[in-house]
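Per chain, numbering begins at 1; letters A, B, ... match sequence-line order.
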Amino acid sequence: DGGITQSPKYLFRKEGQNVTLSCEQNLNHDAMYWYRQDPGQGLRLIYYSQIVNDFQKGDIAEGYSVSREKKESFPLTVTSAQKNPTAFYLCASGTGGPLGANVLTFGAGSRLTVL
Amino acid sequence: QKEVEQNSGPLSVPEGAIASLNCTYSDRGSQSFFWYRQYSGKSPELIMFIYSNGDKEDGRFTAQLNKASQYVSLLIRDSQPSDSATYLCAVSLMEYGNKLVFGAGTILRVKS
């Protein structure tokens, strides 16, 4: 079945640690995205990539880093510079096309808690 | 600042009624409009999208778009308890590489 796999589902981090969230897709989508969701809030864009070896900052990129070495993979690292990392992280992929063509498919999410 | 506004709710409707969810957006350059449903603790799933003025129907769902008023809505007919969820409105801006900007969502509760 085609889809997006995120891991781990739950992650606990001590202050000062870097953690990496995995995102893999087998939908053959060019574009991939990382969103953050806090309770009672909408999704906020962290980083996105429209092609391999290229990515752009979203609205809240500070304290995060990404790589896009393969079309299928778009891992997100939450660094110690991110002051409030506790949140629900969602990875998505899309065709990146115009108008309604850019429908996003989301992974199941990773819930990060800082201890 | 590109903004998408939704009433946070909760919106409560009885089973079988029509639920009406509303969304306004600030940028006239917005091209495409999406409605996602999100159950508690789960990821969003697409209900439907619309990019032309007017209505678009899919089963019990109807999306309505009025670009002049910068307004998009979602109607759910014959609401069921299983429709109880948070509904996220998202807007795509072509000039920003089709990134989606999401509203905070409206909580819908369908009471049986």
Side-chain angles (χ1 to χ4, degrees), chain A residues 3-7 9-10 21 23 25 27 29-51 54-61 68 87-113, chain B residues 1-10 21 23-27 29-54 56 58 63 65 67 72 86-107:
Chain A
I4 300 178
T5 302
Q6 288 187 242
S7 63
K9 188 172 183 179
Y10 298 96
L21 308 180
C23 178
Q25 56 102 357
L27 300 169
H29 285 166
D30 289 318
M32 296 188 74
Y33 308 81
W34 274 105
Y35 286 91
R36 167 180 172 145
Q37 187 175 35
D38 294 283
Q41 298 189 32
L43 281 62
R44 292 184 291 168
L45 183 64
I46 304 173
Y47 269 97
Y48 67 104
S49 168
Q50 294 181 295
I51 196 170
D54 188 43
F55 49 83
Q56 288 77 39
K57 293 182 179 180
D59 300 318
I60 56 166
R68 186 83 187 277
F88 188 45
Y89 291 86
L90 288 159
C91 178
S93 70
T95 58
L99 295 179
N102 191 28
V103 173
L104 297 190
T105 300
F106 285 88
S110 294
R111 192 168 298 277
L112 172 63
T113 302
Chain B
Q1 180 71 25
K2 311 296 185 270
E3 291 189 356
V4 177
E5 301 284 345
Q6 295 182 257
N7 187 321
S8 62
L21 305 164
C23 173
T24 59
Y25 58 95
S26 61
D27 197 303
S30 302
Q31 299 283 336
S32 307
F33 308 85
F34 301 79
W35 283 101
Y36 283 84
R37 177 176 62 198
Q38 186 176 26
Y39 293 110
S40 181
K42 304 296 185 183
S43 61
E45 53 182 341
L46 180 73
I47 297 174
M48 61 193 308
F49 64 87
I50 186 170
Y51 51 85
S52 298
N53 274 328
K56 179 180 179 181
D58 184 359
L65 175 61
K67 289 187 176 182
V72 58
T86 298
Y87 289 80
L88 301 170
C89 173
V91 175
S92 174
L93 297 175
M94 187 178 291
E95 65 183 282
Y96 291 99
N98 282 325
K99 293 184 301 178
L100 293 194
V101 177
F102 283 82
T106 298
I107 298 171

Worksheet item: Which one of B:Pro44, B:Cys89, B:Ala90, B:Gly105 has the most heavy-atom pairs closer than 4.5 Å to chain A?
Response: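 Maximum pair count with chain A is reached by B:Pro44.
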
Fill in: Heavy-atom pairs under 4.5 Å with chain A, option from B:Gln6, B:Glu45, B:Lys42, B:Gln38 with the top count
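Counting heavy-atom pairs under 4.5 Å, the top option is B:Gln38.
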
Under 3.5 Å donor-acceptor, [X] side chain and [Y] backbone:
X       : Y       : answer
B:Lys56 : B:Phe49 : yes
B:Lys67 : B:Tyr51 : yes
B:Ser26 : B:Glu3  : yes

Relative to chain B, which segment of [X] carries a heavy atom at a distance below 4.5 Å: side chain, backbone, both, or neither?
X        : answer
A:Gln37  : side chain
A:Arg111 : side chain
A:Leu45  : side chain

Practice prompt. Mind ranking A:Gly40, A:Gly42, A:Ala92, A:Ala108 by heavy-atom pairs under 4.5 Å with chain B and telling me who comes out on top?
Written response: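 Among the listed options, the one with the most contacts to chain B is A:Gly42.
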
Fill in: Near-ring test A:Phe106/B:Tyr36, centroid separation under 6.0 angstrom
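Yes, the ring centres sit under 6.0 Å apart.
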
Item to complete: Report yes or no: do B:Glu5 and B:Asn7 form a side-chain donor-acceptor pair below 3.5 Å?
Response: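 Side chains of B:Glu5 and B:Asn7: no pair found under 3.5 Å.
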
